Amino acid sequence: MKLYNTLSRQVEEVKPLQAPKVTVYTCGPTVYDFPHIGNWFTFIRYDLLVRTLKLTGFEPQWVMNITDVGHLVSDADDGEDKLEKGAQREGKTAWDVAKVYSDYFTEGLKRLNFVPPTELPKATDHIAEQITLVQELETQGFTYVIDDGVYYDTSKFPKYADFARLDLDEQQAGARVEVNAQKRNPTDFALWKFSPTDHQRDMEWDSPWGKGFPGWHLECSAMSRKYLGDTIDVHSGGIDHVPVHHTNEIAQSEAITGKPLANLWMHTNHILINDEKIAKSAGNGITLEDIEARGYSLEAFRLHVLESHYRSQSKFSWESLEAAQNRLKNWQALADLRWQTREDGTENTDWSIPESYIKEKLGNDLNTPEAIITIDRHADIVTYIPKNVVDQFVQFLEFVDGAFGLTLSRGHDITDEQKQLIAERESARERKDWPESDRLRDLLKEQGIGVRDTDHGAIWYRL
RNA sequence: GGCGCCUUGGCGGAGUAGCUACGCAGCGGUCUGCAAAACCGCGUACACGGGUGCAAAUCCCGUAGGUGCCUCCA
């Protein structure tokens, strides 16, 4: 199993510390609003990672955090809290908002057929661990206190710029004006923010430094350590996290443990809609509900996600989703051949061949586009399944479902009545009673069943 | 200003050197009772200019355009 490692900027073999166990940490959602499809793109790709690790013989332990603490829009004093803002918008407390959207998210994982993560820890359940972490950093001299909080002094961590290959001096030259003049370095970030004095926050906790709330990078350092130990095998997140969030996580965790936070860092690229990034202000925040409202299945959406490579900046369009849905139908038609086996025939596909090919492609930095072709090819060529290989075929379908998170193997046969209609149509055709055979074909069509005639009889498929 | 990425046919999107994926859409044909499916052919696909190779979409240099991040962000 090979993956591109942001740390080395190269494709590397995954080498877990305690194989076959492999620890995976994913930076999860901030639950202040409905996730848009760009968010789901990312999470589906981590699901793919976990599935592929399983496929290649590993036993993944997958932890994805849920950020349910409201963090400031920026570290500047005038920043707004996303959760509190969401609460204001909906006339609720930040706690209510966090609950609603975190429930929505976990429900979404099920709707999209995710492998259930081993843990889905919430930041608000790990305040004590986060405070401990700040204390450890304080003991080791990495912190300082200013008016609005406890900060991390990035100049004390010499490797700070290494991970993202930042050029701190040049960056400062063109960066926007730093609002907080009390910070020692522009890259310094809050570990613990003090509550404002003029009003009460919905979410705040006592700490050795006063009432407040944790900085937003802190939870990942605290929770990954708690659940997966000092060094994670694969740490994943959106590409936008490289220069700030993950850089800061590394600074926090490695300052304390002296060990690598993760051996391999996987980052997914973002998608574009109409050549623009997804942003609430652009009004292109499409949700799962929008997809379903247009008549597309979430399974088609999942397949659409897998059609592009996770490191490329791919595009979303309704046309592409339509194409994915058609592709899925082709695959479903192939899967439905399991109900239409024949005793005789020379068709003799060895289903272990595409299986190992798909494994090989996925194992090579999750090359889903190439893996997908394999199934297309077979969906084109195979017209029936001999009875004696149906078990192997079903096993292949289960393999595909496991690899891509689909439900091809969970299909069901058509009803006896429908089979009867097909048989009647067959005999009508033998009698050359074309009006009757066309009537029966239309009847089946109304029931969502298409029929096509081959040299070895009629084959049905779902429309 | 800094750090990156990208540019493939009507659309989407693969492809790290040689035989030119795949899905969607179009045209012509074979086949078919009609369909469907499949297959064949077509619309001369690889931003531009150099370079290195017997050979480049694929490697190197440059140009143009686009785009992401540096601020919350998947």
Side-chain angles (χ1 to χ4, degrees), chain A residues 9 26-30 32 35-46 67 70-76 79-82 85 161 164-179 186-187 216 236-245 247 267-272 275-280 303-304 307-331 333 361 367-377 379-381 383 429 432-435 437-438 441-442 445 450-455 458-461 463:
Chain A
R9 315 282 155 121
T26 297
C27 287
T30 301
Y32 68 106
H36 54 65
I37 53 170
N39 301 114
W40 289 119
F41 258 75
T42 300
F43 297 129
I44 287 172
R45 283 161 168 171
Y46 300 134
T67 301
H71 296 294
L72 303 187
V73 169
S74 77
D75 272 343
E80 288 180 281
D81 181 310
K82 286 191 285 191
K85 202 177 162 190
R165 308 199 176 174
L166 303 171
D167 185 336
L168 296 178
D169 295 332
E170 293 300 331
Q171 212 166 296
Q172 285 167 33
R176 297 179 193 181
V177 182
E178 190 56 49
V179 179
T187 47
W216 84 282
S236 57
I239 195 170
D240 51 296
H241 285 148
V242 175
V244 181
H245 182 54
T247 289
H267 290 100
T268 47
N269 212 322
H270 289 180
I271 59 159
L272 302 177
D275 292 328
E276 288 179 328
K277 68 176 287 195
I278 299 178
K280 286 262 150 48
L303 185 58
H304 175 51
E307 282 176 336
S308 59
H309 190 83
Y310 75 93
R311 283 195 284 123
S312 70
Q313 187 172 59
S314 48
K315 297 169 190 172
F316 174 86
S317 70
W318 295 107
E319 290 75 17
S320 300
L321 184 57
E322 173 95 30
Q325 179 135 305
N326 285 332
R327 173 178 257 142
L328 187 61
K329 272 185 193 168
N330 290 342
W331 291 11
K361 290 301 176 188
N367 193 338
T368 46
E370 291 233 312
I372 283 171
I373 302 168
T374 313
I375 304 172
D376 283 331
R377 291 245 167 79
D380 277 359
I381 296 163
T383 52
R429 288 187 72 233
K432 297 196 191 299
D433 184 352
W434 310 127
S437 95
D438 289 350
R441 186 165 64 194
D442 289 344
K445 196 174 175 184
V451 179
R452 65 173 198 252
D453 300 314
T454 72
D455 55 4
I459 288 179
W460 59 263
Y461 56 95
L463 296 169

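Proteins come first, then strands; the chains are lettered A, B, ... in the order of their sequence lines, and each starts at number 1. This structure is a prediction, so every number in the text was calculated from the model and none was measured.
Between B:A47 and B:A57, the two P atoms lie 10 Å apart (nearest whole Å). One C1' atom belongs to B:A17, the other to B:U58, and the distance between them is 6 Å to the nearest Å. B:G9 sits 10 Å from B:U44 when the C1' atoms are compared, rounded to a whole Å. Rounded to the nearest Å, the gap between the P atom of B:C3 and that of B:G13 is 28 Å.
Scanning all heavy atoms of the two residues, the minimum distance from A:R45 to A:S314 falls at NH2-OG, 3.6 Å.
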Checklist outcome for this item: A correct 5'-to-3' footprint of nucleotides 35-41 of chain B, with B, S and - meaning base, sugar-phosphate only and no protein heavy atom under 4.0 Å, is BBSS---

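In terms of the salt bridge (Lys or Arg N to Asp or Glu O under 4.0 Å) criterion, residue partners of A:E370 (sequence neighbours excluded) are, by chain and number, A:K361. The side-chain contact (heavy atoms from CB on, under 4.5 Å) check on A:R441 picks up A:R425, A:D438, with sequence neighbours excluded. A:D376 pairs by the side chain to side chain donor-acceptor pair (under 3.5 Å) definition with A:R327, A:W331, not counting sequence neighbours. The side chain to side chain donor-acceptor pair (under 3.5 Å) test applied to A:S437 returns no partner, not counting sequence neighbours.
Here A:S312 reaches the OP1 or OP2 of B:A14: one of its side-chain N or O atoms lies under 4.0 Å away.
In RNA chain B, consecutive stretches of 3 or more Watson-Crick or G-U wobble pairs with both distances under 3.5 Å are given as paired ranges: B:1-7 with B:64-70, B:10-12 with B:22-24, B:26-30 with B:38-42, B:47-51 with B:59-63.
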Checklist entry - Hey, mind stepping through A:Y310 and A:T368 against side-chain hydrogen bond (donor to acceptor under 3.5 Å, both in side chains) and telling me if it holds? => result CA-CA 9 Å; A:Y310 75 93; A:T368 46; over 6 Å; no

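Classified by interplanar angle (parallel below 30°, tilted 30° to 60°, perpendicular above 60°), the ring pair A:W216/A:H241 is tilted.
The shortest distance between side-chain heavy atoms of A:R452 and A:W460 does not fall below 4.5 Å.
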